[in-house]
Amino acid sequence: MTPLPPAFFNRDPVRVARKVLGATLVRVLPGGEVLSGRVVEVEAYDCPRDPACAAGRFHAARTMDMAIPPGHWLFWTAHSHPLLQVSCREEGIAASMLIRALEPLTGIGSMLTHRPVTRGRDLTNGPAKLVYALGLNPAEIAGTRVDSPGLHLLPPAAPLPDDAVTVTARIGIQAGKNLPWRFLVNGNPWVSPAVPSMDLLAGG
DNA sequence: GTCTCGATTGGCT
DNA sequence: GCCAATCGAGACA
């Protein structure tokens, strides 16, 4: 299967996030071992229209890190933890898609070596947890193409139907928290444990 | 230089 | 479920 090319990400990150849900993230270690997981939770950050990016004194310069050409890996640091993202839209516009959780498929033994946990689902059910489990080095990965041999995304075998996807507000932010830009696979035990306000879902 | 905040995590109750 | 740890980044003196 052909990895998703950078051109796929040259559009609205909300649409990108919806389509990437169900894709397979593949990490090939230097020794050739393959670690992979199904993407079961994603969020979109679209700074031109997103208060979560524009608000606050902390974001002005940092968000510009996202303004690289589309389809490149980048890392956002929050609470000293690295979060894996893919740049979206054309160069010069700060927009990205955040991978929040994976369902491990292959190389679980190596993931446990990178990130020993006592409860299985804690291995990759958080945006920084999956970075640790895959043994990713931000300094090495950041700025590389999303279809790089060492780390790439394989598209879902078939698009996920709407009734298999839950759309909610994003987690852990204040500004822009009412935007329904978080997508997760219905009933999947590997999604992150935090539950956002469901207010915006009350009306459907 | 110092203070404050945060797209998280993990330990404790 | 609650809350402390943690440290990079930006504002301000």
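Convention: sequence-line order gives letters A, B, ...; per-chain numbering from 1.
For A/Asn125 and B/dT9, the CG to C1' distance is 10 Å, given to the nearest whole Å. Atom-to-atom, CD of A/Glu43 to C1' of B/dA7 comes out at 7 Å; the value is rounded to the nearest Å. Rounded to whole Å, the distance from NZ on A/Lys177 to P on B/dG6 is 12 Å. When the P atom of B/dA7 is taken as reference, atom CG of A/Asp46 falls 17 Å away, rounded to whole Å. Atom NE2 in A/His81 sits roughly 11 Å away from atom C1' in B/dG6 (whole-Å rounding). Spacing between atom CD1 of A/Ile171 and atom P of B/dT8 amounts to 8 Å, rounded to whole angstrom units. The CD1 atom of A/Ile173 sits 9 Å away from the P atom of B/dT8 (whole-angstrom rounding). Distance CG (A/Leu84) to C1' (B/dA7): 13 Å, rounded to an integer number of Å.
We find the CG-CZ distance between A/Leu83 and A/Phe75 to be 9.5 Å, quoted to the nearest 0.5 Å. Between the NZ atom in A/Lys19 and the CZ atom in A/Phe8 there is a gap of 6.5 Å [rounded to 0.5 Å].
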How does DNA chain C look in dot-bracket notation if pairs are Watson-Crick or G-U with both distances under 3.5 Å, crossing ones as [ ], other-strand ones as |? |||||.||||||.
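Residues A/Gln85 and A/Trp76 meet the side-chain proximity criterion, which asks for heavy atoms closer than 4.5 Å. A/Trp181 places a side-chain heavy atom less than 4.5 Å from the side chain of A/Asp46.
Contact check, A/Arg100 against B/dT8: a side-chain N or O comes under 4.0 Å of OP1 or OP2.
Geometrically, A/Arg100 does not engage A/Phe183 in a cation-pi contact defined by less than 6.0 Å to the ring centre and at most 45° from the axis.
A donor-acceptor contact closer than 3.5 angstrom is absent between the side chains of A/Thr24 and A/Arg38. A/Ser87 and A/Ser96 are not linked by any side-chain donor-acceptor pair at a separation below 3.5 angstrom, with hydrogens and angles left out of the test.
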Could you list the protein-to-nucleotides 10-13 of chain B atom pairs, N/O on both sides, closer than 3.5 Å?
{"unit_1": "B/dG10", "atom_1": "OP1", "unit_2": "A/Arg115", "atom_2": "NH1", "d": "2.4"}
{"unit_1": "B/dG10", "atom_1": "OP2", "unit_2": "A/Arg115", "atom_2": "NH1", "d": "3.4"}
{"unit_1": "B/dG10", "atom_1": "OP2", "unit_2": "A/Arg115", "atom_2": "NH2", "d": "2.9"}

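Classification of A/Arg18 and A/Asp162 as a salt-bridged pair holds, one side-chain N sitting under 4.0 Å from a carboxylate O.
Annotation: salt bridge (Lys or Arg N to Asp or Glu O under 4.0 Å) contacts involving residues 121-137 of chain A, sequence neighbours excluded, comprise A/Arg119-A/Asp122.
Distance from the side chain of A/Met66 is smallest to B/dA7 among B/dA7, B/dG6, B/dT9.
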